[in-house]
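In what follows, a single structure is set out as structure tokens and then discussed.
Convention: sequence-line order gives letters A, B, ...; per-chain numbering from 1.
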There are 2 protein chains.
Amino acid sequence: MTPHTDEGPLVDDIAARIRARIMNGELAIGKPLRQAALAAEFGVSRTPVREALRQLQNGGLIEMQPHRGAVVRVPAPWEVRQAYEVRAELEGLAARRAATRITERQLAELREHNAVLHEAAEREAGGSPATTAANDCFHTVVCVAADNPWLSRMIDRINESFPRNVSSLALAGDERHRLENIRQHEAIIEALTARDPDRADDAMRDHVISSGEHLTAWYERRSQTVFHG
Amino acid sequence: MTPHTDEGPLVDDIAARIRARIMNGELAIGKPLRQAALAAEFGVSRTPVREALRQLQNGGLIEMQPHRGAVVRVPAPWEVRQAYEVRAELEGLAARRAATRITERQLAELREHNAVLHEAAEREAGGSPATTAANDCFHTVVCVAADNPWLSRMIDRINESFPRNVSSLALAGDERHRLENIRQHEAIIEALTARDPDRADDAMRDHVISSGEHLTAWYERRSQTVFHG
DNA sequence: CCATCACTTATTGGATCCACTTCCATGATA
DNA sequence: TATCATGGAAGTGGATCCAATAAGTGATGG
């Protein structure tokens, strides 16, 4: 199963694969992760798996208790809000920088990604991998246009701390939220097209904060279900 | 030597100790790190050392080439500028949040730390551990007052990516820079005392950006010395 | 005299082994 | 019957072992 095409250290490969499993929901939130099981699944020994798990712990995606194993982390709702406040600040900065640097080509890409989202919003539920990917790409393009690798890295770190399928699920059920999302993207594209750093910054902040509020609300509902139901 | 007072996983302890060695300059920039030597020094096997090194690599403090070992990372000057632009954004946010949350007690601490810096500035060169600590504490207090663990964590990650003694060295030689530093701290304290988020944000940004420029300049001089001298 | 190639050596990365901790079930005892 | 002790099973963390890779070194040929 994806037999490890030798590209760099094994442990990074393993970490990436485990992260992917968590991101797409294959390894559900709260699920315990057995080193032996993962090692067997990937056809390697426990050593690189252990190191990979530690990497993921460092990134905040899982929790490890000594001698008790690792579990996919369950973020508290207020943590989501805190993280998204930071994300808003960083993505705002990215948009600000992008406004004076983005190319016509990249602007076209943004419109393309948003068109995919718009089309999907009318047709299906919205939680599909395609829409998740389009959403990711939208933000990635802005980051690339911002042309600051450190900034991109920091934003990535935040995103990698929350399972992606959860963010999608939060979008999935709410038609109104999806349309709001698309309109916010449009506002960002407009500001970038106008090469207006202040407006781009504001538009991006609004967008991220609003997403964060929806996600926080989702986690709050989920916490109630899990802990009291 | 500091015989590992059992608090938590061994690998974290090792990572912290190696990081400390790098931060205070005991392990100089560009120096190769031998797993066996570190293991012997700490009285453990190579396994936890390897994991610790990988943690540090993840944090960006060292570089590891496969089968070629790890070296203390040499940041390029432009990287320093990029990182400090991000840091300015984050610390600005921290100051903004702190303005409406900071306690009188914490304000007093800020003044105290800055007094230490002021006193040291007149007396000695400025690169001492005490001044470094006071500088760190100043920013830490603001972060704590901001009351957002995610924000603190992100700022920490940036700071942990550059050996601390280097930042101090950049300060050490320049009397004018030291005084500028202290005045900027005063401006931040004033803004926080006035509970003015906008002013606090601006003052902190100015301060961090200015520090970043000095540090960048230091790295540029150093690069020339190392690579062409 | 210099370039190249085989060989040696140092060092890393992954696998295996062992000890220790934790959890769970079973049974003894008040 | 409830509670606590005890033993076993599962799983992790660290140590050790082995294979694979890359630098260094000396011999050989042009």
Side-chain angles (χ1 to χ4, degrees), chain A residues 1-22 27-74, chain B residues 1-22 27-74:
Chain A
M1 177 174 299
T2 29
H4 172 53
T5 67
D6 185 42
E7 14 95 337
L10 184 53
V11 44
D12 293 344
D13 188 39
I14 301 291
R17 289 211 246 174
I18 297 176
R19 175 180 291 129
R21 293 264 197 294
I22 295 175
L27 295 172
I29 278 185
K31 176 160 187 161
L33 304 172
R34 307 271 171 232
Q35 298 178 355
L38 292 168
E41 177 176 2
F42 296 134
V44 297
S45 89
R46 272 181 43 217
T47 310
V49 171
R50 210 168 50 218
E51 289 185 13
L53 289 180
R54 225 163 256 289
Q55 307 267 85
L56 297 181
Q57 180 199 29
N58 229 274
L61 194 59
I62 69 175
E63 262 181 1
M64 297 181 75
Q65 292 109 324
H67 294 279
R68 289 169 45 90
V71 296
V72 181
R73 191 149 181 278
V74 184
Chain B
M1 177 174 300
T2 31
H4 172 52
T5 67
D6 184 42
E7 13 94 336
L10 182 53
V11 45
D12 293 345
D13 188 39
I14 300 291
R17 289 211 246 174
I18 298 176
R19 174 180 292 131
R21 292 263 198 293
I22 295 176
L27 295 172
I29 278 185
K31 175 159 189 162
L33 304 172
R34 307 284 162 201
Q35 297 180 355
L38 292 169
E41 177 175 1
F42 295 133
V44 298
S45 91
R46 274 180 43 221
T47 311
V49 171
R50 211 169 51 219
E51 289 184 14
L53 288 179
R54 222 162 259 290
Q55 307 267 84
L56 297 181
Q57 179 199 31
N58 228 276
L61 194 60
I62 69 175
E63 263 181 0
M64 298 180 75
Q65 291 111 321
H67 294 274
R68 287 172 45 89
V71 296
V72 182
R73 191 150 180 276
V74 184

Sorted by chain and residue number, the side chain to side chain contact (heavy atoms under 4.5 Å, CB included) partners of A:R73 (sequence neighbours excluded) come out as A:E63, A:E79

Interatomic distance where CZ belongs to B:R34 and P belongs to C:dT12 [whole Å]: 6 Å

Nucleotide nearest A:H67 (side chain, heavy atoms from C-beta), chosen from D:dT12, C:dA15, D:dA15: D:dT12

Distance-only donor-acceptor pairs under 3.5 Å for side chains of residues 43-50 of chain A, two or more places apart:
unit_1	atom_1	unit_2	atom_2	d
A:S45	OG	A:T47	N	3.2
A:S45	OG	A:T47	OG1	3.4
A:R46	NE	A:Q35	OE1	3.1
A:R46	NH2	A:Q35	OE1	3.2

Is the shortest distance from a Lys or Arg side-chain nitrogen in A:R21 or A:E41 to a carboxylate oxygen in the other one below 4.0 Å? yes

Pull out every residue in residues 47-59 of chain B that has a heavy atom closer than 4.0 Å to any atom of DNA chain D, ordered by number, or say none. B:T47, B:P48

By side chain to side chain donor-acceptor pair (under 3.5 Å), which residues pair with A:N58, not counting sequence neighbours? B:Q55

Sorted by chain and number, sequence neighbours left out, side chain to side chain contact (heavy atoms under 4.5 Å, CB included) with B:P32 holds for B:R34, B:V71

Phosphate OP1/OP2 of D:dG13: any A:Q35 side-chain N/O under 4.0 Å: yes

Atom CG of B:L10 and atom C1' of C:dT21: how far apart are they, to the nearest Å? 15 Å

Between the base of D:dG11 and the side chain of A:R46, is there a donor and acceptor pair under 3.5 angstrom? no

Using the test side chain to side chain contact (heavy atoms under 4.5 Å, CB included), find all partners of B:A52 that sit at least two apart in sequence or belong to another chain. B:V11, B:I14, B:A15, B:I18

Could you tell me how far apart B:F42 (CZ) and D:dG14 (P) are, to the nearest whole angstrom? 14 Å

B:M64 CE to C:dG14 C1', straight-line distance once rounded to whole Å: 13 Å

What is the distance from CG of B:D12 to P of D:dT12, rounded to the nearest Å? 17 Å

